[in-house]
2 protein chains.
Amino acid sequence: MEEPQISPSEWEVMRVVWTTSPITSREISTILNEKKDWKLATTKTLIGRLVKKGMLTAEPNGRQYDYSPAVTEEKSVEEATEALLSQVCTKKAGVTIQMMLENSTLSLSDLEALEDVIKLKKETAPLEVVCSCIPGQCSCVH
Amino acid sequence: MEEPQISPSEWEVMRVVWTTSPITSREISTILNEKKDWKLATTKTLIGRLVKKGMLTAEPNGRQYDYSPAVTEEKSVEEATEALLSQVCTKKAGVTIQMMLENSTLSLSDLEALEDVIKLKKETAPLEVVCSCIPGQCSCVH
DNA sequence: ATTTACCGATTACAGTTGTAAACTATGTTT
DNA sequence: AAACATAGTTTACAACTGTAATCGGTAAAT
């Protein structure tokens with residue numbers, strides 16, 4: 001029952017389809033040639049796997065297909081962030097996000113938006129986050 | 001020259017060693033039994049792979065080894081966050097971080113620390129982040 | 001001294017991922 | 001009509017992952 005994941009190479013393809021859809025395999029391949037030294041066959045393989053995983057839909061159009069995303073980029077990014085945060089103790093989510101912040105270039109409006117979110121969250125923020133790690137997988141004292 | 005990555009299952013082992021080291025394979029296995037239905041052999045395989053990848057050091061102690069981390073958790077988490085952000089347009093780093101923020105439980109002091117970082121970043125923040133995606137992989141107008 | 005328990009190392013084996021060639025069928029060009 | 005180009009599909013194959021059994025050696029227990 002595990003949700004199929006989008007692998008890094010597959011993600012390259014998804015980004016193209018998220019940006020432009022419907023789109024053909026040849027167009028996807030042409031776009032990706034700017035970044036990846038992939039043969040057309042490689043791109044086709046990745047597209048095929050994404051269709052099988054239910055990440056892309058394939059609409060027949062003549063003798064070829066028009067591909068479109070079956071999942072949104074937002075949802076996919078969200079799942080990726082959840083996967084990341086699931087790997088650290090809940091108490092470390094703060095410093096992890098802080099690290100990302102420090103390592104990213106953000107615009108003034110990005111930062112203001114973040115401030116707004118933080119301001120809101122402060123209204124209901126706990127004094128302390130509870131750790132739910134099993135004993136031995138983080139340094140919190142249970 | 002690719003840096004070997006820590007797989008999700010291997011990450012479970014790393015978390016134990018980051019928390020307690022030096023530590024033996026049996027101790028690691030015992031701790032993880034709380035969370036994973038792994039046989040001792042499975043844990044040993046993962047430990048072996050981590051040693052081979054240079055993520056753990058193995059110090060002989062009698063007829064067994066004491067394992068310790070060869071990489072820090074901070075550095076590893078940092079690389080994981082970089083990998084995540086490399087998958088989205090630089091212009092979307094802000095909303096991505098915002099999403100993580102919204103989906104996380106953070107303490108008051110976490111939020112205040114974030115505010116401090118943001119305040120500092122605002123001093124040198126650009127009005128707009130430049131996108132460096134190849135054409136077709138994001139919706140920015142180049 | 002044997003037997004037993006336990007250690008790391010080797011082998012196993014299917015599924016995923018990265019990367020692509022070969023194949024089949026159908027349009028297109030000459 | 002024959003040759004060619006092109007679309008998707010099938011097959012390939014090594015590396016990595018998840019999960020574990022088995023093996024070979026040694027320390028401990030009888």
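Here the structure is a predicted model, which is why all the values come from computation and not from measurement. Each chain gets a letter, A, B and so on, in the order the sequences are listed, and its residues count up from 1.
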Within this structure, what is the [atom1]-to-[atom2] distance between [X] and [N], rounded to whole angstrom?
{"X": "A/K36", "N": "C/dT17", "atom1": "NZ", "atom2": "C1'", "answer": "13 Å"}
{"X": "A/L32", "N": "C/dA20", "atom1": "CG", "atom2": "P", "answer": "13 Å"}
{"X": "A/E12", "N": "C/dT17", "atom1": "CD", "atom2": "C1'", "answer": "14 Å"}
{"X": "A/E10", "N": "C/dT16", "atom1": "CD", "atom2": "P", "answer": "11 Å"}
{"X": "A/K44", "N": "D/dA12", "atom1": "NZ", "atom2": "P", "answer": "18 Å"}
{"X": "B/K39", "N": "C/dT11", "atom1": "NZ", "atom2": "C1'", "answer": "19 Å"}
{"X": "B/Q5", "N": "C/dT17", "atom1": "CD", "atom2": "C1'", "answer": "14 Å"}
{"X": "A/L50", "N": "C/dG18", "atom1": "CG", "atom2": "P", "answer": "10 Å"}

Answer yes or no: is there a side-chain heavy-atom contact under 4.5 Å between A/V129 and B/D110? yes
Are any of the side-chain heavy atoms of B/T105 and A/P126 separated by less than 4.5 Å? yes
[X] side chain near [N] phosphate (N/O to OP1/OP2, under 4.0 Å):
{"X": "A/T42", "N": "C/dA20", "answer": "yes"}
{"X": "B/R26", "N": "C/dC7", "answer": "yes"}
{"X": "B/Y65", "N": "C/dA9", "answer": "yes"}
{"X": "B/S25", "N": "C/dG8", "answer": "yes"}
{"X": "B/T24", "N": "C/dC7", "answer": "no"}
{"X": "A/T45", "N": "C/dG18", "answer": "no"}
{"X": "A/K53", "N": "C/dT17", "answer": "yes"}
{"X": "A/Y67", "N": "D/dA7", "answer": "no"}

Under 3.5 Å donor-acceptor, [X] side chain and [Y] backbone:
{"X": "B/S76", "Y": "B/T72", "result": "yes"}
{"X": "B/S21", "Y": "B/S68", "result": "no"}
{"X": "A/K121", "Y": "B/L106", "result": "no"}

Test applied, salt bridge (Lys or Arg N to Asp or Glu O under 4.0 Å); reference residue, B/E10; option that passes from B/K53, B/R49, B/K52: B/K53
Is any side-chain N or O of B/R49 under 3.5 Å from a base N or O of C/dT10, one able to act as donor and the other as acceptor? no
Out of C/dA20, D/dT19, C/dG18, which has the shortest distance to the side chain of A/L46? C/dG18
Using the side-chain heavy atoms of A/R63, tell me which of these nucleotides is nearest: D/dT19, D/dT26, D/dA7. D/dA7
Checking all strands, does A/D37 fall into the base, sugar-phosphate, or nothing category for heavy-atom contacts under 4.0 angstrom? sugar-phosphate
Toward the 5' end of DNA chain C, by each residue's nearest nucleotide, A/G62 or A/A41: A/A41
